[in-house]
Every structure is written in structure tokens, then in C-alpha cells.
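Encoded as C-alpha cells, the structure appears first; notes follow it.
So that the names make sense, note that chain A is the first sequence line, chain B the second, and so on, each numbered from 1.
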2 protein chains.
Amino acid sequence: MLDTDILFGVKLKKISESITSQIAKLLIKQNVEFEPRALPVLLVLKEKESVNINEIAEILGMTHPAIVQITNHLNKVGFIKHNKSTIDKRITLLELTEKGTRNLTLLEPLIVGIQNTVKSIINEIDSNLIYSISKLGKAIGNNILMNRVLDELRQKDLAEITIVPFKRKYKSDFKLINREWLKKYFEDEGLEKEDERFLNNPEKEIINKGGEIFFAILNNKVVGTCAVIKIDDFSFELAKMGVTEKAQGKQIGKKLALTAIGYAVDKGVVKLKLYTSEKLVAAINLYKNLGFKEKVKKDDHRYKRALIYMELDLSG
Amino acid sequence: MLDTDILFGVKLKKISESITSQIAKLLIKQNVEFEPRALPVLLVLKEKESVNINEIAEILGMTHPAIVQITNHLNKVGFIKHNKSTIDKRITLLELTEKGTRNLTLLEPLIVGIQNTVKSIINEIDSNLIYSISKLGKAIGNNILMNRVLDELRQKDLAEITIVPFKRKYKSDFKLINREWLKKYFEDEGLEKEDERFLNNPEKEIINKGGEIFFAILNNKVVGTCAVIKIDDFSFELAKMGVTEKAQGKQIGKKLALTAIGYAVDKGVVKLKLYTSEKLVAAINLYKNLGFKEKVKKDDHRYKRALIYMELDLSG
DNA sequence: ATTATTTACGTAAGTACTTACATAAATAAT
DNA sequence: ATTATTTATGTAAGTACTTACGTAAATAAT
């Protein structure tokens, strides 16, 4: 089996299934009249004399409907009887019938045998195992796992980032964010004409021509952006990808790019192109990670700084 | 929860269910398009590129129909595609679609978060646990548990003892076995008249009067016997219970008595009586264990040696 | 005393698997 | 070359639970 911790639960289930099914086979060999799954309930009843449904459910860590189903079955085969409590009329008290007691007594050697064997198999592996599993059972309850994962994601703000499409109110953010990285990396060169055209008229130049602009929102503030520009019916360009410095390292670029790719796929696009610069190392790695391949530029591009050309094939 | 080793499997299942359901909740929070149970399959696919159904089943330790169901679902939501192998036309090769890859990439922070959290929760409890569980998974396969239990029972002959009702061919055994213990414990007194009557004519004196005699068979030989004698429609007597010395300690007396009690219950008997002697300590303990209560003798009984009178109430 | 909430149980429907069985293609045995 | 066996997948039905929801009785709150 794939040994990933995330699959630990799957592995536990398999072991549990294996134990349960082997015990079931042993019970069937003994021609017991009850369904094997009722054994745990019978063991509780044997121990406790008179208990109600909720108590059994709690003792076994199961839900009450499960116990209702099992006890109805045990009643039908005559192993237990149901008595309504006179003190509290909601409560159903359960106890073994004479037949139930007798049959359980007959099963005692088998039960002891299973008990001993389970214990010895476990002890041969790790004498601490039963104790550790008990602790794990207590530790993992109450959605502890879920909450810890959420906390971890929240610390990285990963859980709070939303990606939304273009709205007019984001127009200024679009310009701001792109200016930020352009200035940082290409201060000397300054903004090119093409930059100005897109940044000043995103609606006219991108949206109305069949493209889209996505914005990453964190705490109600725009922290990243990314545009998809339509070239023709089969190819779009990924451009104007930027994340504010403060918000970097939160996978925002990846989320934006993935949303953009999803958009392109929905539009039936076969090829997604992009132009970037060797200066933007992190971006290039992200693109490669997403499946973009570097190709030789076929044509001179509009931007002087763009020396690297990449393509993502979406025809699969 | 009741801390019996026999319920170890139940406990494992609960932990597994808890882990799985918490991961499912996290996935649902992220609005994934696939059913949570498909995650393990997706993780395999992410790792392996192109695999077939049986391979996934083996990697995850599940049956192939489970994988068929999950992969059909993943295909329907567009996360994977099915390709028939050209080399072997039976084989279905599975691989992630672009959409599947993209969505998995988007989930990566969550998956890493779960991975880390599961690992740390487990390590906080017992750094050896994952390894021990892995070993247990391997150790418990192939019906090892079942076979070891069967071996244990077989060593005590517990699995091989059969209880059968009276047949003529057992008549001599009935006499022999009862003589054995009568001689051992009551040598001086010798056989009483009542003994002779029952031992010499079991059919006439017991069977034909609505009673029954049970025999315990081990390796085709009679090793124990026990009679139920009808007193009236509501009360029977348990008598002539004996197990050969060689076969003692195998719970044969208990099995015989339980069969006898079952017979009485089937006949609608309300009270099962027996007379025994204080010399027979083991027998008295067995009777008590089965629910018989000692009462004061109401009448002088037929046997001089019988000083103890017991009753079992079957009206419950 | 009345109303609201909680508790104990019951029922229906869903989930995530399993076992059992069927079929076509590939491989092994004759 | 046939026939038998094995393998890879598919399908139906069963198992052992769960969640979601409903009801009546008990308890708490006003």
C-alpha cells in the first residue's frame, strides 16, 4: 500500500475489516444464530446485565441507530428482551434472555480464544499498540484533525484567499499591482506602450475582446491579479500576472494561474501562451510547474523585455 | 469504550471513520467536485501517471469493484480519463485529465496540511505507531487471526466436540461412563438400585418417558453423557452427567449441560432440577455457573448420596 | 403552569465498502 | 490448434455502518 500518512485512515480501516471479517467467519463456523456484527453488543450485555440503547452506543463508540438495528435483530432471534423503564418511559432497558445467556456461555471458549489471539498478535508487534491506539482514538475526536488543518491553512492565509473575475472597482488595483512588479524588475526600462494600453483600459482591451481578468482577494483587499487575453478562438495569452510583495509566498500566483487556465479550458482554448522575462525566476518556475513548456519565439513580441516564450497545451 | 482486545477492530474502525470524515469535511469546505472517498485514488493517479484498475486496488488494499465505482465517478466529473490498452485489450489505463491535474494542484496546500497534521498528531502519541500499524496490517492478513484461534481451540479439542442425542449404539457408553464416576466417588456405597434401573434401560426409563440423553463425541468416541428426565410437563431433572477422566478439562460437561438446558427450554419446561453430592465440587461449580441455585430438599430423594438439591428457573 | 429545550429512541435514506457472480481477453496446458 | 485456466474488468446485491429527521417523554426556564 502507498505509505502516505494521509492514507493512515484507510490502512486502519483495512485492518479493522480484516479483524472483523475473521471473527465473523469464526462465529459462522460455530453456527451462531445472530449476525456477527452483534457480538460487541452481546459482550456489553453480558458484562452489564441491564443497559439502555444509548448506553451501549456510548460504550461501543457507535451511533444509537446502529444499536437500535442490532438490538432489534437480537430480539428477533430471542437473545435479548426489551423492557420499557417504568421510571422514565423513554428508556428501553435491554437484557439477555436465558437463551442468550446460554448461547453466550457456549461461545465462551471461542471468545476467550479470540481475545487471547488478538492480544498476542498485537503484543508480538508492539506491546504499546493497544494503549497508543486508545490514546489516538481520544486525541482525534471532536474534529481536532480538521481544526488543526484549518488553523495551519489560516496561518498561511491559504484558506482565506478568494479569486474573483473582473469588476470595475478593481480597475485601479489592476494598474497598481502590475506597476509594482514592473517597477521593481524593469525600473530602468520604464513602462512600455503596450503596458499602458492594457493597464489603462482593461475593460476595453481585455474583457470586451473576450478575455478575462482575475483578482485575488485577501481580507477584502486585492493582493494579486492575472489576465487572460484572447488571441483567437483557439489560443489565449496569460499576462499581467502579479502579486503584491506583502502577500507573496501564499500560493496566490498559482491560484490565479489555475483559475485562468480553468477559464481558458471552459472557452475551448487549445493553447495558452505567455511571454515573460528571465528575470522573473519564481514566475517561470510556477509556469513550468503548471505544465507550460518553453518554446522558441516565433515572432518578435510586443514587449522588449519579454525574452522567454512558453506554451501550455490544453488539447488533452 | 469497553476496553476488550476483542473490540480492538471496532476501535480501529472508529478512528478510521473519524479521520476519513474529517478529511471529507475539509474537502467539502474547498468545494471539490469529486466525492471525498475518491481522494486516495486521485493521490495514486497523481503519483503514478498511468495505472490500471487492479493496480490501484492493490496499492490501496481495496477490492477492484470499489476502484471501478470510484474511477467511474472521477471520469464522470472529468478528473480522469479511461483508455483501453492496445497491447492487452482487457486493461483499462487511467490517467488524470488536465482538469484533474489542475484541481489537484489547487488542493495541494490542503493535502500537505492534512499530511503534516496527521503525521504530527500520531507522532505526539507514539512515534512508532505508523510503523507498528503497517506491521499489524501485514501480520493480520491471510486469515492468520482466524487460523490461530482455530488452532488454539483444536489443541483443546474444543472445536471437535459434537453433542448428539440418544442412539441405541450409545447405550453401553451411557452405562460405562456413569459407572466410572460412580465408582470413583462412591466406591464404598456401590451402585444404588435407581442407578441400575436407569443405566440398564435408558430407552425405556428416560427416552420413552419424554426425556433425552445427550452424548459428547470426540474423535468418534463417546467421552461424556448427560440425561434429561421428565418429571412432569413443567419440570425436568438433569441427571447422569459424566465425562470420562481422559477428556476432562475441555468444557465437555458445560456443553452437555447447555444442550440439555436448551432441550428443556424447547419443551417449554419451567424448572430444571438436579440432585448431586457435595463430593462433586467441579460439577457443583458448573451448575452454579449455569445459573442453578441451591435449594433445600423438599422431599427425600431416591439416591442416598444426593445431599444437594439445585434448581434452574427457565420461566424468563 | 406554560413554554422551551433536551433526551431517548425510532425510521428512512445515504455512504463506502464488500462478496458473489459474469464475461471477454490472454495465457498455459494438452 | 484446442481446450482449460487465469486475469482484468464489470455489475448486482449485500453489509455495516452513518447522517438527517421525527416524535414522545422528561427537564429546565420563564
Side-chain angles (χ1 to χ4, degrees), chain A residues 7 9-25 27-28 34-41 50-76 80 82-94 143, chain B residues 7 9-25 27-28 34-41 50-76 80 82-94 143:
Chain A
L7 297 179
V10 177
K11 193 175 280 173
L12 287 186
K13 189 166 191 183
K14 293 303 139 192
I15 296 174
S16 153
E17 248 161 35
S18 179
I19 295 176
T20 314
S21 87
Q22 290 182 54
I23 293 177
K25 281 180 204 160
L27 289 172
I28 289 164
F34 60 87
E35 292 171 10
R37 65 161 170 159
L39 183 64
V41 172
S50 177
V51 256
N52 64 40
I53 289 173
N54 268 348
E55 280 166 359
I56 299 177
E58 209 187 332
I59 290 169
L60 294 177
M62 293 163 72
T63 58
H64 79 269
I67 309 302
V68 169
Q69 290 163 25
I70 293 171
T71 51
N72 280 343
H73 160 70
L74 284 173
N75 187 291
K76 203 183 279 175
I80 66 170
H82 288 59
N83 299 308
K84 276 284 168 195
S85 159
T86 45
I87 308 151
D88 183 335
K89 286 175 195 163
R90 295 166 306 173
I91 292 179
T92 307
L93 292 166
L94 302 167
N143 291 329
Chain B
L7 297 180
V10 178
K11 192 175 282 174
L12 287 187
K13 188 166 190 184
K14 293 303 138 192
I15 297 174
S16 154
E17 248 161 35
S18 179
I19 295 176
T20 315
S21 87
Q22 290 182 54
I23 293 177
K25 279 180 205 160
L27 289 172
I28 290 164
F34 60 88
E35 291 171 11
R37 66 161 170 158
L39 183 65
V41 172
S50 177
V51 256
N52 64 41
I53 289 173
N54 268 348
E55 281 166 0
I56 299 177
E58 210 187 331
I59 289 168
L60 294 177
M62 293 164 73
T63 57
H64 80 269
I67 310 302
V68 169
Q69 290 164 24
I70 293 170
T71 52
N72 281 344
H73 160 71
L74 285 174
N75 187 291
K76 203 182 280 173
I80 66 171
H82 288 57
N83 299 308
K84 276 283 167 195
S85 160
T86 45
I87 307 151
D88 183 336
K89 287 174 195 164
R90 294 167 306 172
I91 291 179
T92 307
L93 291 166
L94 302 167
N143 291 329

message: Please compare A:Gln69 and B:Thr20 by the position of their nearest nucleotide in DNA chain C and report the one closer to 5'.
response: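 The residue closer to the strand's 5' end, by nearest nucleotide, is A:Gln69.
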task: Map A:Pro65 and B:Pro65 onto DNA chain C by nearest heavy atom, then report which one ends up closer to the 5' terminus.
output: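 Result: A:Pro65.
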- prompt: Which string of ( ) [ ] | and . matches DNA chain C, if you list each base 5' to 3' and count Watson-Crick or G-U pairs only when both distances are under 3.5 Å?
  reply: ||||||||||||||||||||||||||||||
task: Starting from C1' on C:dA8, measure out to CD on A:Glu55 and report it in whole angstrom.
output: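 Rounded to the whole Å, the gap is 11 Å.
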task: Can you spot which of B:Asn75, B:Asn83, B:Ile56 makes a side chain to side chain contact (heavy atoms under 4.5 Å, CB included) with B:Leu94?
output: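 Looking at B:Asn75, B:Asn83, B:Ile56, the match for B:Leu94 under the side chain to side chain contact (heavy atoms under 4.5 Å, CB included) is B:Ile56.
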[X] to [Y] - nearest heavy-atom pair and separation:
X	Y	result
A:Leu27	A:Pro36	CD1-CA, 3.9 Å
B:Glu55	B:Asn52	N-OD1, 2.9 Å
B:Lys25	A:Asn143	NZ-OD1, 3.0 Å
B:Ile53	B:His64	CG2-O, 4.1 Å

message: Any non-hydrogen side-chain atom of A:Met62 less than 4.5 Å from a side-chain atom of A:Val41?
response: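 When only atoms from C-beta onward are counted, A:Val41 and A:Met62 do not touch, as no gap falls below 4.5 Å.
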query: Is any side-chain heavy atom of A:Leu60 less than 4.5 Å from a side-chain heavy atom of B:Lys14?
result: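 When only atoms from C-beta onward are counted, B:Lys14 and A:Leu60 do not touch, as no gap falls below 4.5 Å.
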Look only at the side chain of [X] and the backbone of [Y], and say whether a donor-acceptor pair between them is shorter than 3.5 Å.
X	Y	answer
B:His73	B:Glu35	yes
A:Ser16	A:Leu12	no
B:Lys84	B:Leu93	no

- request: Using heavy atoms and a sub-4.0 Å distance, could you list which residues of residues 84-93 of chain B are near DNA chain D? By number, please.
  value: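 Nucleic-acid contacts, sorted: B:Arg90, B:Ile91, B:Thr92.
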field: Sugar-phosphate only, base, or nothing, as touched by A:Glu17 at under 4.0 Å among non-hydrogen atoms
entry: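 Contact class for A:Glu17: sugar-phosphate only.
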task: Using chain B heavy atoms and a threshold of under 4.0 Å, write down where along DNA chain D the contacts begin and end, 5' to 3'.
output: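 Reading along DNA chain D, I get D:dT7 to D:dT18.
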